[in-house]
Every structure is written in structure tokens, then in C-alpha cells.
Amino acid sequence: MPELPEVEVVRRGLERWVSGRTIAEAQVLHPRSVRRHPAGAEDFAARLKGHIVGIARRRGKYLWLPLADTDASILGHLGMSGQLLVQPEDAADEKHLRIRIRFDDSLGTELRFVDQRTFGGLSLHDNTPEGLPEVIAHIARDPLDPAFDDAAFQTALRLRRTTVKRALLDQSLISGVGNIYADEALWRAKLHYERPTATLTRPRSAELLRHVRDVMNEALAVGGTSFDSLYVNVNGESGYFDRSLDAYGREDEPCRRCGTPMRRRPWMNRSSYFCPRCQRPPRPTRTLS
């Protein structure tokens, strides 16, 4: 799944190439790509026509295009393989093109939603007073949001009866952090993924949050992480942060800090990568008989 840096790269591209343009028409070429729009494909296309696209916005991994002259937004869910591409109008259709949005201007480009696995999609939703699509109003702010409350996050983290990686992936606590960047931040912080959150001091949680931000900002600087051709920006270009990963995907390779072979363990239908020396597992809790 694309994480915050990948989604932010796409948002910036949409802001540059799509925001401010008027929609001439929308074509839904696969019904699954608008399944989150309950009224169906025809209603989705009809409700877009003639409206101006506002400034592209993002919260965590969620991306949306406000319709500037309404109280609604187009919410984009990229899923496992979704791509929002700005292409010349006369460019050949992609094999897995699902939705096409054309504009009422002479720029000669259109917005395409391409999705090989059809797990993602676009949908139209009413906005909250704060300008968020109603369906994502419960999503917490992400650590790159200027309004993110560090102190509130640290307090909530300690009060959670969970482990640190589970907390980082809890979108109601902090949004935008996925499996890859969680492993990277935990490696930098020298924290095992099963460390109980209740054992984290305020300075330790502040350090972890700083590493989360550093990892995301570094990934943003190079366009995000791309493990295959599916993770691209609006111009179809892949990111390069995967070449700088310290933990994720490095099983049996030497830890860049101490040289110990990195390990991988199954975790919640995913994998966790860590250094067994730098990130020692928590001691088992003793129980009284």
C-alpha cells in the first residue's frame, strides 16, 4: 500500500496540474472503481460535470480533490495498485484505465485513474465544516500536518494498551504511517516493534515521533518508495527511497549500525524487519501464580 510520502507526491502533482480546472466530463470505464460511490457510475460522472477542481488535499494516506464551487470532494483511494495520472488527451489508453476526467480548457491533458487490481477507486462525498470528506472525519492528523499535536499524541500513545508498531499503524491515533515507514522509524529509534506503548517515556516517544517525521521527509525528497512500477507520481515516475531503506526488506543483510544480520518476522499478515541486537525484544511480563 502507498504510504503518506507516496500520496503526498501525488497530491503535489494534482495541485500543479489539475487544481483550478473545470471538469468537462467524466467517464467511468469499470464499475468497481466507483463502488464506494453508492449512487453508481452515472451519478458520479453527472455530479462532476461543470465543477471546478479546488486545491488537492491529503490527510495521512487519504487524498481528495474538493469541488471548489460545492460542499463535496472527490476522494481517491489508491488501494494496492491505483494510479492518478495526468496524460495528454491523445495518449493511448492504459491497459487498466478505469476512470477518465476531461477538462474544459485548452491545456490538452486529462486525469486518468488506472488500477490493475481494482482495489482502489474514486467516490464523491459531502464535506465536514473543516473541509474533509465525511467518511474520513475520524482519521487523525498526520505527523507532517502543522496542526499535529505532539503532546496529545505522546499522552495518547502511553495510554494505549498496545505495542508500539500497532500504535503507529492506528489511523485514529496518527495517520499516514504504514508498514514500511514504521519499520524504518523503529529501527532508527532502536525500538522493537512489540515494545509496549505504556513503557515509553515522554522523551522516548518524542524521539520516535522525530524519526517518523525524518523518514517521511526524506522519502518525500526523493519521491517516495517504489518497489514496482505501480507506485508512481502523476507523471508516471517512480520514487527512489527504497534504495535508502535501513530495515524494510533487508532480511539477512547486515544492520547498517552494528553489522548484525537483520531479521524478518510475520506480523499481522505482514512482515516486521528489525535488528535483533539494536532492537532487543521486550522482556516477558511475569505473572503471579
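Predicted model, so just to flag it, every value in this text is computed and none were measured.
Across A56 and E15, no two heavy atoms sit closer than the pair CB-N, 4.0 Å. Across S33 and R98, no two heavy atoms sit closer than the pair OG-CB, 3.1 Å. Closest non-hydrogen pair, A156 versus L173, comes out as CB-CD1, 3.5 Å.
Annotation: ring pair (Phe, Tyr, Trp, His ring centres under 6.0 Å) contacts of Y273 (sequence neighbours excluded): Y248. In this view, F119 satisfies the ring pair (Phe, Tyr, Trp, His ring centres under 6.0 Å) rule with no residue, not counting sequence neighbours. Residues satisfying the side chain to side chain donor-acceptor pair (under 3.5 Å) test with D43, not counting sequence neighbours, are H37. Residues passing the ring pair (Phe, Tyr, Trp, His ring centres under 6.0 Å) test with H192, sequence neighbours excluded: F274.
Of the charged side-chain nitrogens involved, none lies within less than 4.0 Å of a carboxylate oxygen, so that R141 and E130 do not count as a salt-bridged pair. Remark: D183 engages K165 in a salt bridge, criterion side-chain N to carboxylate O under 4.0 Å. In this structure, R12 pairs ionically with E8, as a charged nitrogen and a carboxylate oxygen lie closer than 4.0 Å. Taking the charged nitrogens against the carboxylate oxygens, R100 and E110 do have a contact shorter than 4.0 Å, which makes a salt bridge.
Taking hydrophobic clusters as Ile, Leu, Val, Met, Phe, Trp and Tyr residues chained together by side-chain heavy-atom distances below 4.5 Å, M216 does not share a cluster with W187. Hydrophobic clustering (ILVMFWY, side-chain heavy atoms < 4.5 Å, transitive): I55 and L67 are in distinct clusters. Residues I174 and M268 are members of one and the same hydrophobic cluster, defined by side-chain heavy-atom contacts under 4.5 angstrom among Ile, Leu, Val, Met, Phe, Trp and Tyr.
Distance alone, capped at 3.5 Å, places no donor-acceptor pair between the S73 side chain and the P133 backbone. Proximity of a side-chain donor or acceptor of Q171 to a complementary backbone N or O of G176 within less than 3.5 Å is detected. Using a distance-only test at 3.5 Å, with no hydrogens or angles considered, no donor-acceptor pair links the side chain of R11 to the main chain of R59.
Taking CZ of F44 as the start and CZ of R36 as the end, the distance is 12.0 Å to the nearest 0.5 Å. For the atom pair R102 CZ and R112 CZ, the distance stands at 8.0 Å (nearest 0.5 Å).
Through direct or indirect side-chain contacts shorter than 4.5 Å among Ile, Leu, Val, Met, Phe, Trp and Tyr, L107 is connected to no other residue. When hydrophobic residues (I, L, V, M, F, W, Y) are linked wherever their side-chain heavy atoms come within less than 4.5 Å, the members clustered with L75 are Y62, W64, L132, V135, I136, I139.
Of the listed residues (K61, R213, R58), just one forms a salt bridge (charged side-chain N to carboxylate O under 4.0 Å, His left out) with D142, and that residue is R58.
Side chains of T118 and R32: a donor-acceptor N/O pair is present below 3.5 angstrom, by distance only.
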